[in-house]
Enquirer: 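Take a look at this one; I'll ask things after.
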Amino acid sequence: MAVRDLLLFVAVTVISSSLMALTARGNSEGDALYVLRRTLSDPDNVLQSWDPNLVNPCTWFHVTCNQDSQVTRLDLGNSNLSGHLVPELGKLEHLQYLELYKNNIQGKIPAELGNLKNLISLDLYNNNISGTIPPSLGNLKSLVFLRLNDNKLTGPIPRTLVGISSLKVVDVSNNNLCGPIPTTGPFEHIPLEKYDIFSMSSFKYLF
């Protein structure tokens with residue numbers, strides 16, 4: 001009897017610990033997304049299902065999770081949203097796709113997006129984002145698509161981006177960027193004679 005009770009206690013403890021870990025992670029990701037939700041104006045109510053009282057955000061519209069209930073996609077392109085991006089997005093450590101194109105997002109790109117080590121696609125084009133491109137985006141070693149075109153970005157293209165060997169598409173056209181074009185890493189495939197190095201308003205890179 002004592003042995004059976006001990007085994008039952010151990011089993012319950014393990015299950016409880018697993019559920020607590022899942023809930024903590026789910027709440028952490030949900031909290032991060034809800035911070036974004038509170039900073040956005042949403043006249044079309046596309047975020048109406050984002051209920052912070054749920055265990056995790058995997059049942060929210062426009063949010064995709066993997067089989068472990070970890071957020072992997074955020075699909076909010078062309079959703080008539082306005083507001084700012086938030087540093088808390090950097091806590092979505094399993095995120096692979098961040099799609100916020102064709103909205104009215106303003107403000108800067110948070111440097112914390114550089115924490116998204118599994119990110120494959122960062123699509124922020126056709127917004128009103130200003131400031132510089134954060135050098136921390138060079139930490140996104142899984143990134144394939146980086147589309148920041150048609151915003152109000154200024155400054156140079158960070159040299160840290162040359163270290164992303166997976167990068168295949170970079171579009172920074174129709175901004176106010178300046179400075180030299182990177183010529184190493186994935187950028188070495190770009191024929192420099194096609195571009196005016198003093199005007200990056202028309203830059204689009206396809207590797």
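Numbers here are sequence positions counted from 1.
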Enquirer: Within the side chain of Asn127, is there an N or O that forms a donor-acceptor pair under 3.5 Å with the backbone of Asn104?
Expert: yes

Enquirer: For Asn53 and Asp51, which I'm curious about, is there any donor-acceptor pair between the side chains at under 3.5 Å?
Expert: yes

Enquirer: Please tabulate, for side-chain N and O atoms in residues 106-119, each donor-acceptor pair with protein atoms closer than 3.5 Å (sequence neighbours left out).
Expert:
| unit_1 | atom_1 | unit_2 | atom_2 | d |
| --- | --- | --- | --- | --- |
| Asn115 | ND2 | Glu112 | O | 3.4 |
| Asn118 | ND2 | Glu93 | O | 2.8 |

Enquirer: Flag the pair Asp171 and Arg147 as a salt bridge only when some basic side-chain nitrogen lies within less than 4.0 angstrom of an acidic carboxylate oxygen.
Expert: no

Enquirer: Under the 3.5 angstrom rule, does the side chain of Ser49 hit a backbone N or O of Phe61 as a donor-acceptor pair?
Expert: yes

Enquirer: With side chains defined as the heavy atoms from C-beta onward, is the minimum distance between Thr72 and Leu95 less than 4.5 Å?
Expert: no

Enquirer: Any chance you could measure Arg37, atom CZ, to Leu81, atom CG, to the nearest 0.5 Å?
Expert: 8.5 Å

Enquirer: Rounded to the nearest 0.5 Å, what separates atom CG in Asn103 from atom CG in Asn126?
Expert: 9.5 Å

Enquirer: Linking I/L/V/M/F/W/Y whenever their side-chain heavy atoms sit closer than 4.5 Å, directly or via other members, would Leu33 and Leu76 fall into one cluster?
Expert: yes

Enquirer: For the pair Thr39 (side chain) and His84 (backbone), establish whether a donor and an acceptor sit closer than 3.5 Å, ignoring hydrogens and angles.
Expert: yes

Enquirer: Quickly, which of Leu146, Asn174, Val172, Asn149 forms a side chain to side chain contact (heavy atoms under 4.5 Å, CB included) with Tyr125? Name it, please.
Expert: Asn149

Enquirer: So how far is it from Asn45 CG to Trp50 CH2, rounded to the nearest 0.5 Å?
Expert: 13.5 Å

Enquirer: In terms of hydrophobic clusters joined by side-chain contacts under 4.5 Å, are Leu143 and Tyr101 together?
Expert: no

Enquirer: With no hydrogens and no angle check, is any side-chain donor or acceptor of Asn175 less than 3.5 Å from a backbone partner on Leu177?
Expert: no

Enquirer: In terms of hydrophobic clusters joined by side-chain contacts under 4.5 Å, are Leu92 and Leu85 together?
Expert: yes

Enquirer: Determine whether a donor-acceptor pair (N or O, by modelled atom type, separation under 3.5 Å) exists between the side chain of Asn66 and the backbone of Ser69.
Expert: yes

Enquirer: Check the pair Asp123 / Leu98 against side-chain contact (heavy atoms from CB on, under 4.5 Å), numbers first and verdict last.
Expert: CA-CA 6 Å; Asp123 282 328; Leu98 181 54; over 6 Å; no

Enquirer: So, for Trp60 and Gly30, which heavy atoms are closest and what is the spacing to 0.1 Å?
Expert: CH2-O, 3.6 Å

Enquirer: I'd like to know if the side chain of Asp44 pairs up with that of Asn80 as donor and acceptor (distance under 3.5 Å, no hydrogens or angles considered).
Expert: yes

Enquirer: What are the two closest non-hydrogen atoms of Glu88 and Ala32, and how far apart are they?
Expert: O-CB, 3.4 Å

Enquirer: Taking the side chain as every heavy atom from C-beta outward, state whether Leu40 and Ile105 have any pair of such atoms under 4.5 Å apart.
Expert: yes

Enquirer: Answer with yes or no whether the hydrophobic clustering places Val71 together with Leu54; edges join I, L, V, M, F, W, Y residues whose side-chain heavy atoms lie under 4.5 Å apart.
Expert: yes

Enquirer: Kindly give the heavy-atom pair with the smallest separation between Thr132 and Gly155, and that separation in Å.
Expert: CG2-CA, 4.4 Å

Enquirer: If only atom types and distance count, is the side chain of Ser166 paired as donor or acceptor with the main-chain N or O of Lys141 below 3.5 Å?
Expert: yes

Enquirer: How many angstroms lie between atom OG1 of Thr64 and atom CG of Asp75, to the nearest 0.5 angstrom?
Expert: 5.5 Å

Enquirer: Rounded to the nearest 0.5 Å, how far does CG of Asp150 lie from CD1 of Ile129?
Expert: 11.0 Å

Enquirer: Phe145 and Leu122: side-chain contact (heavy atoms from CB on, under 4.5 Å), yes or no, with the steps?
Expert: CA-CA 6 Å; Phe145 305 101; Leu122 178 57; over 6 Å; no

Enquirer: Can you give me the closest heavy-atom contact between Leu161 and Leu167, atom names plus distance?
Expert: O-CD2, 4.3 Å

Enquirer: Identify the residue among Gln70, Arg73, Glu29 that makes a side-chain hydrogen bond (donor to acceptor under 3.5 Å, both in side chains) with His94.
Expert: Gln70

Enquirer: What's the spacing between Asn56 CG and Ser28 OG if we round to 0.5 Å?
Expert: 11.5 Å

